[in-house]
Each structure stands twice: as structure tokens, then as C-alpha cells.
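Note sheet for the following structure.
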Amino acid sequence: MRVLVTGGAGFIGSSVVEALTAHGHEALVYDVRTDPAADIRDPVSVRRAVAGVDAVCHQAAMVGLGVDFSDAAQYVSHNDLGTAVLLTAMADAGVRQLVLAGSMVVYGEGRYECSRHGVVRPGPRAVVDLDAGSFEPHCPVCGAELSPGLVAEDAPADPRNVYATTKLAQEHLAAAWARNTGSSAVSLRYHNVYGPGMPRDTPYAGVASFFRSALARGEAPRVFEDGDQRRDFVHVHDVAEANVAALEAESHPGSLTAYNTGSGEPHTVGEMARALAAAHGGPEPVVTGEYRLGDVRHITADSARLRSELGWKARVGFAEGMKAFAHDGLRDG
């Protein structure tokens with residue numbers, strides 16, 4: 001299969017290219033890092049790129065929470081306009097298979113259960129609570145403490161920052177393209193991806209990169225809130241294999257199918273910081289009590305659908321992955 005990988009020189013994209021090649025596919029890289037003319041928002045450039053390919057793995061995106069709302073126009077331009085330009089070119093060229101780099105951020109908060117009211121969906125956390133160091137969401141009915149659980153693909157979307165909103169819009173665009181053209185689209189809703197080649201020292205990087213960069217400078221990782229935020233840290237090599245599995249699976253013309261793509265091992269941000277610090281031999285993490293307003297408290301995946309339907313499973317465990325990542329190289333930008 002001849003596959004165009006947008007963002008193919010980036011952190012996740014480069015691993016996807018390697019995995020595709022290892023499985024006998026021909027991977028073509030479309031990335032502004034290797035070609036300044038490879039702008040996903042440029043219709044002429046994108047039309048040339050999709051000519052003669054069988055499928056597209058769309059990894060190109062502006063990622064992370066960013067700096068503040070002033071980033072909104074850039075996020076929408078890169079993620080949503082760029083996706084619309086790509087899908088238009090694919091429709092015109094007769095390319096009928098897409099694998100989209102989705103994200104768990106489309107859910108907002110994860111799954112919560114109240115002992116009295118069952119499964120509930122708490123609203124955004126209040127600034128007054130966060131300022132007081134009260135980080136856990138409470139039952140919107142009775143105010144009781146909640147138990148976090150695993151979120152499945154049928155959970156309603158509730159994006160709570162600009163990046164999350166653009167990732168959900170990408171899915172809607174891909175679904176509309178699939179229905180209109182009779183094509184097949186898969187969105188792999190990545191959880192917290194880490195591994196070799198993560199970008200360093202940028203506000204758009206993931207938390208694992210922030211901690212790893214601090215340790216490389218001989219500094220203690222700074223953990224926001226109380227460090228008990230639950231996440232699912234999944235290795236980039238496993239994510240790349242999920243992309244291959246999605247491409248090779250039986251297609252479902254006219255629809256978009258979403259798959260949570262996580263390790264299945266929930267861990268706290270504090271656990272991750274301590275594991276990295278121990279493996280790196282650096283200073284112990286510092287829990288700051290600071291917060292970012294767009295962050296959610298707990299979001300962890302139920303990836304059973306991906307395992308059962310596509311035969312994929314994460315192979316890199318948390319302890320093994322963090323030990324290796326503590327010494328992995330990071331990239332600039």
C-alpha cells in the first residue's frame with residue numbers, strides 16, 4: 001500500500017513511517033520540517049502530495065494546550081482548515097482511506113461514578129476551587145466525591161480547550177468526507193503518547209517531555225495540581241503499530257470509526273514524574289499546586305474496541321517505557 005503520512009517527520013509521524021515500512025508498505029512523508037512548501041493548508045501542494053497514493057495517515061497538527069486563547073486562530077487554521085484542504089484533495093484524487101490522529105481530549109473529563117447517582121458528567125472545574133487546591137470534580141447533583149473510571153468511545157464529546165475543539169472538528173470533517181465520498185475513516189484517539197523523538201522545551205509538548213527536559217537540565221520536574229491526575233501513557237511505537245493495524249483492517253465505507261488508543265494502564269502524573277526521575281537519576285519531582293485552566297482532572301482510556309476489532313494491543317509497559325524514555329533523546333521544536 002502506498003501511504004501518505006502528513007507530519008511524517010514529526011514525533012509520532014516518523015514512528016508511523018518506520019512502522020509502515022517495516023510492514024512492507026511504501027510511506028511518503030509530507031512535512032514542513034523536510035520541505036518548507038509542504039503546508040497542509042496549501043491546496044496546490046496537497047493535491048500534488050495525494051496523487052497516486054492509496055491511503056493517508058493524517059498526523060500533521062498543532063498539538064498541546066498551547067499558551068493561551070491567542071493561539072486559537074492558529075489551532076483552527078492548522079488543524080481544521082488543514083484537514084479540510086487535505087480531505088478535499090483526497091476526494092478529488094479518489095483516495096478513499098484515511099487514518100486520523102485523533103485525541104482523547106475530545107471527551108473533556110473522563111468517566112466518573114457517584115455512589116448515589118451512578119455515572120455522572122461533572123462540569124468544568126471552578127477557578128475558586130482550583131485556587132483553593134480542591135482539584136477533584138464533584139457530583140453535579142449532590143456534590144459528593146466521585147470515582148474515576150475508564151472512558152469508552154461512546155462517551156459524549158465535551159472538549160474543554162481550543163486544541164480539543166479542533167480535534168473534534170477534525171473528526172466531524174472526516175466523517176462528512178467519508179459519507180459524501182463513500183470512503184473509510186478511522187480516528188485513533190491517542191492518549192498521552194511518549195517516547196523517543198518528543199519535542200523539547202515548547203509549550204505545545206506533552207507533560208512527559210516537560211519532565212524529561214527538566215531532568216536533562218538537572219532540574220526537578222514540576223508537577224501541577226497535587227500530582228494525582230490520572231492519565232494513560234502509551235508508547236509512540238505502540239501508537240505507530242495502531243496506525244498500521246487501522247490501515248490494514250477491513251474498511252467501513254461511508255463512515256468514521258473512533259478507537260481509543262491507550263496502554264490500558266492508568267497512572268498518575270506524579271507516578272510518571274517519579275518514575276522518570278528515578279530512572280534518570282535526577283532530582284525528585286516538586287508538586288507545585290499550580291494548575292492550567294484548560295486541563296481536565298482524570299482521563300483514561302478503555303481501548304478494548306481497538307484490541308478486539310483490530311487485534312492491536314500495547315506492548316511497551318509503563319515501567320519499561322519510562323526507564324527507556326529517561327535516557328531517550330528529545331528533538332528541538
Side-chain angles (χ1 to χ4, degrees), residues 1-10 12-62 76-103 166-190 239-259 261 306 309-310 312:
M1 188 182 300
R2 199 163 190 251
V3 184
L4 179 70
V5 183
T6 70
I12 297 176
S14 58
S15 280
V16 172
V17 169
E18 291 176 5
L20 285 167
T21 303
H23 284 265
H25 300 289
E26 181 184 1
L28 306 177
V29 173
Y30 185 82
D31 196 306
V32 72
R33 297 173 184 83
T34 55
D35 179 2
D39 187 335
I40 197 66
R41 298 164 295 179
D42 177 15
V44 175
S45 175
V46 173
R47 277 199 302 270
R48 285 198 296 264
V50 301
V53 305
D54 302 303
V56 174
C57 274
H58 184 28
Q59 308 295 318
M62 187 173 178
V76 172
S77 177
H78 284 88
N79 297 353
D80 298 337
L81 175 60
T83 298
V85 169
L86 173 65
L87 294 172
T88 300
M90 290 173 67
D92 292 343
V95 182
R96 296 290 181 258
Q97 190 172 2
L98 172 74
V99 176
L100 172 68
S103 177
T166 64
K167 297 306 289 183
L168 182 58
Q170 283 185 309
E171 289 194 359
H172 288 320
L173 287 165
W177 164 82
R179 287 193 298 270
N180 186 265
T181 62
S183 301
S184 172
V186 168
S187 178
L188 297 175
R189 291 175 175 169
Y190 301 158
V239 166
E241 290 295 330
N243 276 267
V244 176
L247 279 170
E248 295 180 342
E250 179 182 357
S251 62
H252 299 280
S255 66
L256 177 140
T257 305
Y259 293 103
T261 308
L306 185 56
E309 294 187 9
L310 302 189
W312 172 92

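Numbers here simply count residues along the sequence, with the first being 1.
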Can you tell if the side chain of [X] reaches within under 4.5 Å of the side chain of [Y], non-hydrogen atoms only?
X	Y	value
V85	P43	yes
L20	V244	yes
V3	L28	no
C57	L247	yes
R96	T181	yes
S187	L256	yes
L100	V186	no

Does S184 use its side chain to pair, donor to acceptor, with the backbone of P253 at less than 3.5 Å?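 Here the side-chain-to-backbone pair does not exist.
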Test item: K167 side-chain N/O and N79 main-chain N/O as donor-acceptor pair under 3.5 Å: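 No; zero donor-acceptor contacts below 3.5 Å.
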Any chance you could measure [X], atom [atom1], to [Y], atom [atom2], to the nearest 0.5 Å?
X	Y	atom1	atom2	value
D54	Q97	CG	CD	8.5 Å
M90	W177	CE	CH2	4.0 Å
M1	H23	CE	NE2	12.0 Å
L81	L86	CG	CG	11.0 Å
L87	S183	CG	OG	9.0 Å
Y30	L4	OH	CG	8.5 Å

Going through the checks in order, is the side chain to side chain contact (heavy atoms under 4.5 Å, CB included) test met by V32 and D39? CA-CA 6 Å; V32 72; D39 187 335; 5.7 Å; no
Minimum heavy-atom distance between [X] and [Y], given as atom pair plus value:
X	Y	answer
T166	D80	O-OD1, 2.8 Å
G13	V5	O-CG1, 4.0 Å
R2	G52	NH1-O, 3.3 Å
I40	V46	O-CG2, 3.5 Å
H58	T83	NE2-OG1, 3.1 Å
Y190	N243	OH-ND2, 3.0 Å

Check against side chain to side chain contact (heavy atoms under 4.5 Å, CB included), E241 and W312: CA-CA 8 Å; E241 290 295 330; W312 172 92; 4.1 Å; yes
Going by atom types alone, do R41 and S77 pair a side-chain donor with an acceptor below 3.5 Å? yes
I'd like to know if the side chain of D31 pairs up with that of Q59 as donor and acceptor (distance under 3.5 Å, no hydrogens or angles considered).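 No, no side-chain donor-acceptor pair sits under 3.5 Å.
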With side-chain hydrogen bond (donor to acceptor under 3.5 Å, both in side chains) as the rule and sequence neighbours excluded, what pairs involving residues 247-256 come up? H25-E248
